[in-house]
Amino acid sequence: MTTPTGDEPKRKTEAQGGVGELESTSWPVDSSPGPELRERLLIVEDDPEIGALIGRIAEKCGFETAISADFETLHGENLASYSVVILDLHLPRVDGVEIIRFLAAEECQAGLILVSGVDKRLIKAAEKIARERGLRVVGSLTKPFHPTELRKFLQASRRTSLPTPQTPIPQLSDEEVRRAVNEGAIDVHYQPKVHLSSRRVCGVEALARMNHPDLGLLTAGAFIAQVEKLGLIDELTQLVFERAFEDCGQWKKAGQEMGVSVNFSVQSLHHLALPDELTALALTHGVAPSQFTVEITESSLAQEPIRALDILTRFRLKGFGLSIDDFGTGYSTLQQLERIPFGELKLDRSFIRGAVEGTGARAILSSSVELAHKLEMRVVAEGVETQQDWVLAAQLGCDEVQGYLISRPMAREMLLPWLQGWHSES
Ligand code: C2E
Ligand code: MG
Ligand code: MG
């Protein structure tokens, strides 16, 4: 199948912030990994003999293996397709800590086994860094190691392989969540949105992440509801906006103007001065409110219609863009939403999935797109994971796409290199 422009969307490599085949690429993302995910092993090792030896052992344990001998080839790997990474801490031109940083920035979910000839304390330090950066360390081996040691780790890594949809979202204590928000253990990752016909990147969505001391980097789905329940959402909103303004200011200094969308909880819609405060904060970072879009979920709008109208209209007056998120999960019609000056509508992933699988009403989807266009809103297809999703979004007339097919969310420092890679191939 091809897009209406006649060619297919390109799949970016994982290292470019690109996608895996699979949905469940970050913990605790909510969809199922494909069957091959738990079976692939990436060996990052420059010594061909050791690489081959590890490969033989792993293949006997039922893994499909690939070897990456240096940082450059590692960059080209689709990390999301591996369930285990074996990393030699000494590679040509790069050290293991840099690779650990890279794997963490890529939100690598594979089990990590460190291998090195250096002293045990150094390996332990590298293990600690990896854990603190949110990687799932299975263990470490000092060269020369016995094949049974490696086998033991490979089997262990399988038992604790990627979370599946059945994996419960980790239960965080209120204290853990409170501490994370109050002590600034909240980070922001960015996921690009791409213009469907030109493939130009038209902005990024800021997504909150929590750095948990034991569980590593947690995606928003694991903690936002609890943050709301604890009455801390205003603090989190403030943190995320502040970070987004700052990052946007930095990208601007580096010559890259970037629109940023920020998710907004309906609970933050009680504070009438918020549009003024955020405008002032944007200006202190040298960025214009018009570069920012406030995303609010369709379902939440029904809870606070009047207050939402007041605050969102004021955001619009200050220059911020407004977007309806997760459209299709609530029960509102576009006519009901039309009274708020939204400029963008994001079709929920389940909506797109349902239509692709033939279980959802394609006709409803297509008339929603049509109506949104009549109301002068841009339509974004969310959760685009496959070429089929992309093709459907194009057939429906969506303007923009966002999802793992283009890129998973990434750490701020990865964005500019990712953009370069994406545009140089476009
Ligand atoms: P959302 O705004 O609809 O964001 C999209 C979510 O889908 C993100 O999950 C993203 O990582 C995930 N995603 C993106 N592309 C794909 C894909 O192709 N396949 C699949 N399976 N998932 C994809 P995340 O980061 O866990 O966020 C979940 C929700 O939490 C967000 O949904 C948003 O409603 C909320 N959220 C995130 N950050 C914030 C924040 O800073 N403040 C508030 N109030 N809510 C936030
Ligand atoms: Mg959103
Ligand atoms: Mg959404």
Side-chain angles (χ1 to χ4, degrees), residues 9 11-12 17-34 80 107 109 163-165 169-170 180-181 186-194 203-210 217-229 232-244 260-269 274 292-301 321-330 344-353 356 379-390 393 400-410:
R11 183 176 289 273
K12 306 298 283 190
V19 284
E21 310 278 318
L22 312 152
E23 301 177 43
S24 199
T25 48
S26 58
W27 162 249
V29 168
D30 36 347
S31 316
S32 81
E107 297 186 3
Q109 298 298 304
T164 66
I169 285 176
V181 175
I186 299 295
D187 207 346
V188 177
H189 279 202
Y190 296 93
Q191 186 179 36
K193 267 190 317 175
V194 172
V204 290
E205 175 170 5
L207 293 160
R209 296 287 180 261
M210 180 189 287
L217 200 67
L218 299 179
T219 54
F223 60 89
I224 289 289
Q226 211 168 345
V227 170
E228 287 179 340
K229 187 194 90 188
L232 293 169
I233 196 68
D234 280 354
E235 284 83 344
L236 182 125
T237 304
Q238 190 85 18
L239 280 173
V240 173
F241 264 103
E242 200 158 347
R243 181 59 59 78
V260 183
S261 299
V262 181
N263 292 283
F264 208 78
S265 163
V266 69
Q267 282 190 20
S268 291
L269 286 175
L274 211 58
F292 294 85
T293 297
V294 171
E295 289 193 7
I296 187 125
T297 57
E298 181 210 358
S299 50
S300 67
L301 281 173
L322 294 182
S323 172
I324 312 166
D325 203 356
D326 300 350
F327 185 79
T329 55
E344 179 184 273
L345 177 135
K346 297 182 92 170
L347 293 172
D348 190 64
R349 175 164 54 100
S350 57
F351 221 179
I352 298 281
R353 221 54 312 267
V356 165
V379 180
V380 183
E382 285 194 294
V384 169
E385 292 180 350
T386 64
Q387 306 231 346
Q388 268 176 309
D389 297 344
W390 177 296
E400 296 167 13
V401 281
Q402 180 180 345
Y404 295 168
L405 182 65
I406 297 114
S407 169
R408 290 190 298 129
M410 63 187 107

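Counting convention: from 1, in listed order, for ligands and their atoms alike. Start at 1 with the first residue, then count along the sequence.
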So Arg408 and His189, do their side chains get closer than 4.5 Å, heavy atoms only? no
Inside 2.8 Å of the Mg ion (ligand 3) but strictly below it, how many protein N/O/S atoms are present? 4
Sub-4.0 Å heavy-atom contact, Arg209 with ligand 1: yes
Is there any N or O on Gln402 that sits under 3.5 Å from an N or O of ligand 1? no
Identify which one of Glu400, Glu298, Glu205 satisfies the salt bridge (charged side-chain N to carboxylate O under 4.0 Å, His left out) criterion when paired with Lys346. Glu205
Ligand 1 contact on His189 by region, counting heavy-atom pairs under 4.0 Å: neither
Below 2.8 Å, can you find an N, O or S atom of Asn263 next to the Mg ion (ligand 2)? yes
With a 4.5 Å cut-off on side-chain heavy atoms, are Ile224 and Asn263 touching? no
Between the Mg ion (ligand 2) and Glu205, which N, O or S atom of the residue is the nearest one? OE2
Does only the side chain of Val240 get under 4.0 Å from ligand 1, or the backbone, or both, or neither? Count heavy atoms. side chain
Quick one: look at Pro409 and ligand 1, take heavy-atom pairs under 4.0 Å, and tell me if it's side chain, backbone, both or neither. side chain
Residue pair Val181 / Ile186: nearest heavy atoms and the distance that separates them: CA-CG1, 4.1 Å
For ligand 1 and Glu228, I'd like to know whether there is a polar contact (N/O to N/O, distance under 3.5 Å). no
For atom 38 (N) of ligand 1, which candidate among Gly383, Ser268, Ala208 holds the nearest heavy atom? Ala208
Honestly, for Val384 the part within reach of ligand 1 (heavy atoms, under 4.0 Å) is backbone
Run down the list Asp325, Val266, Asp348 and name the one with the heavy atom closest to atom 2 (O) of ligand 1. Asp325
One residue to check: Leu405. Relative to ligand 1, which of side chain, backbone, both or neither has a non-hydrogen atom less than 4.0 Å away? neither
Any Arg408 heavy atom less than 4.0 Å from ligand 1: no
